Amino acid sequence: MSEVKLAAETRTEFGKGAARRIRRDSKVPAVVYGHGGDPVHITLPGHELQLALRTPNVLLTLDIEGKTQLAIPKAVQRDAIKGFLEHVDLLLVKSGEKVNVEVYVHTEGDLAPGAFLLEHVLSTLTVEAEATHIPESVTVSIEGLEAGAAILAKDIPLPEGTTLAIDEDAVVLQVLAAQAEESSDDASDDSDA
């Protein structure tokens, strides 16, 4: 789990014009909420935030006018064309607090020899973990699996202190037999009938 420290400034201007001015200054408008308190509107340094968000479920240590708070990204809005950050919603967390997050499912190993395809039914797994110990991803072996095999959520090894937050019988991965394409001769015979 990576932790990134960012200096934040509270903001009092709202609306499209204010947001554009903030982004023009290479900053990102954001809102921090949680623990029953009122939302706090802040600006964050754009480049540092962009780098931090490359890590899934990054833990951010925010210095908001001398007060330090921990937060995790909850929603990130990007420009659809250029990809720059437009706005970020952050959820306040405390050390030791459990949070629900999505972690990526990675595979290792090779399927059994033959024409098999691996289908990722779920590319992420929703888990509950301590806010300061969120795993970046989970890894499961697909070594030797054949058509018809499925890996359920309960079959994926989780780091210590992490539990599933979805149905344990949810299919995460399944192995399918590759279908042979019809040859063009077969297709023309069917159309003559």
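A quick note: this is a predicted structure, and the numbers were derived from the prediction, not measured.
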- request: Verify the distance criterion only: is there a donor paired with an acceptor across the side chains of Thr55 and Glu136 at less than 3.5 Å?
  value: no
- request: Of all the heavy-atom pairs spanning Phe116 and Leu145, show the shortest one and how long it is.
  value: CD1-O, 4.4 Å
message: If I compare all heavy atoms of Glu128 with all of Ala165, which pair ends up nearest, and what's the gap?
response: N-CB, 4.1 Å
message: Within a 6.0 Å radius of atom OH on Tyr104, are there more than 12 heavy atoms belonging to other residues, nucleotides or ligands?
response: no
field: Connected via hydrophobic side-chain network under 4.5 Å: Ile156 and Val175
entry: yes
message: Any heavy-atom pair between the side chains of Val93 and Leu59 that's under 4.5 Å?
response: yes
message: I want to check something: taking the side chain as every heavy atom from C-beta on, are Leu90 and Leu44 in contact at a cut-off of under 4.5 Å?
response: yes
- request: Following the transitive rule for hydrophobic clusters with a side-chain heavy-atom cut-off under 4.5 Å over Ile, Leu, Val, Met, Phe, Trp and Tyr, establish whether Leu49 and Leu62 coincide in one cluster.
  value: yes
- prompt: Stepwise, does the side chain to side chain contact (heavy atoms under 4.5 Å, CB included) test hold for Asn57 with Val103?
  reply: CA-CA 8 Å; Asn57 300 317; Val103 294; 3.7 Å; yes
Shortest non-hydrogen contact between Thr43 and Ile22, atoms and distance: CG2-CD1, 3.6 Å
field: Distance, nearest 0.5 Å, that separates OG of Ser123 from NE2 of His106
entry: 10.0 Å
query: Atom CD1 of Ile151 and atom OG1 of Thr107: how far apart are they, to the nearest 0.5 Å?
result: 8.5 Å
query: Around Glu108, counting heavy atoms of other residues, nucleotides and ligands shown, do more than 12 lie under 6.0 Å from its CD?
result: yes
field: Non-hydrogen side-chain atoms of Thr61 and Leu70 separated by less than 4.5 Å
entry: yes
field: Donor-acceptor contact present, side-chain Arg23 to main-chain Val28, <3.5 Å
entry: no
task: Evaluate whether atom CG of Asp38 has more than 12 neighbouring non-hydrogen atoms of other residues, nucleotides or ligands under 6.0 angstrom away.
output: no
message: With a 4.5 Å cut-off on side-chain heavy atoms, are Arg78 and Leu53 touching?
response: yes
- prompt: Which residue, Leu92, Leu60, Leu91, forms the side chain to side chain contact (heavy atoms under 4.5 Å, CB included) with Ile72?
  reply: Leu91
message: Looking at His47, I'd like to know if its NE2 atom is crowded, meaning that more than 12 non-hydrogen atoms belonging to other residues, nucleotides or ligands lie closer than 6.0 Å.
response: no
statement: In terms of heavy-atom contacts, Arg11 and Ile42 come closest through NE-O, 3.0 Å
field: Gap between atom CD of Glu9 and atom CD of Glu65 - 0.5 Å precision
entry: 8.5 Å
Between CD on residue Glu48 and NZ on residue Lys27, distance to nearest 0.5 Å: 10.5 Å
query: Does the pair Thr162 and His133 meet the rule for a side chain to side chain contact (heavy atoms under 4.5 Å, CB included), with working shown?
result: CA-CA 9 Å; Thr162 304; His133 294 92; over 6 Å; no
query: Just wondering, do Leu51 and Val4 contact through their side chains at under 4.5 Å, heavy atoms?
result: no
message: Would you say that Val171 contacts Leu152 through its side chain, given a criterion of any heavy-atom pair below 4.5 Å between the two side chains?
response: yes
- prompt: Are the side chain of Glu143 and the backbone of Asp110 linked by a donor-acceptor contact shorter than 3.5 Å?
  reply: yes
Check: Ile166 and Leu122 side chains under 4.5 Å, non-hydrogen atoms: yes
message: For Pro45 versus Ala7, what's the shortest heavy-atom pair and its separation?
response: CD-O, 3.2 Å
query: Can you tell me if NZ on Lys5 sees more than 12 non-hydrogen neighbours from other groups inside 6.0 Å?
result: no
field: Side-chain touch Val138/Pro159, heavy atoms, less than 4.5 angstrom
entry: yes
statement: Heavy-atom closest pair (Gly46 atom, Leu85 atom, distance to 0.1 Å) is O-CD1, 4.4 Å
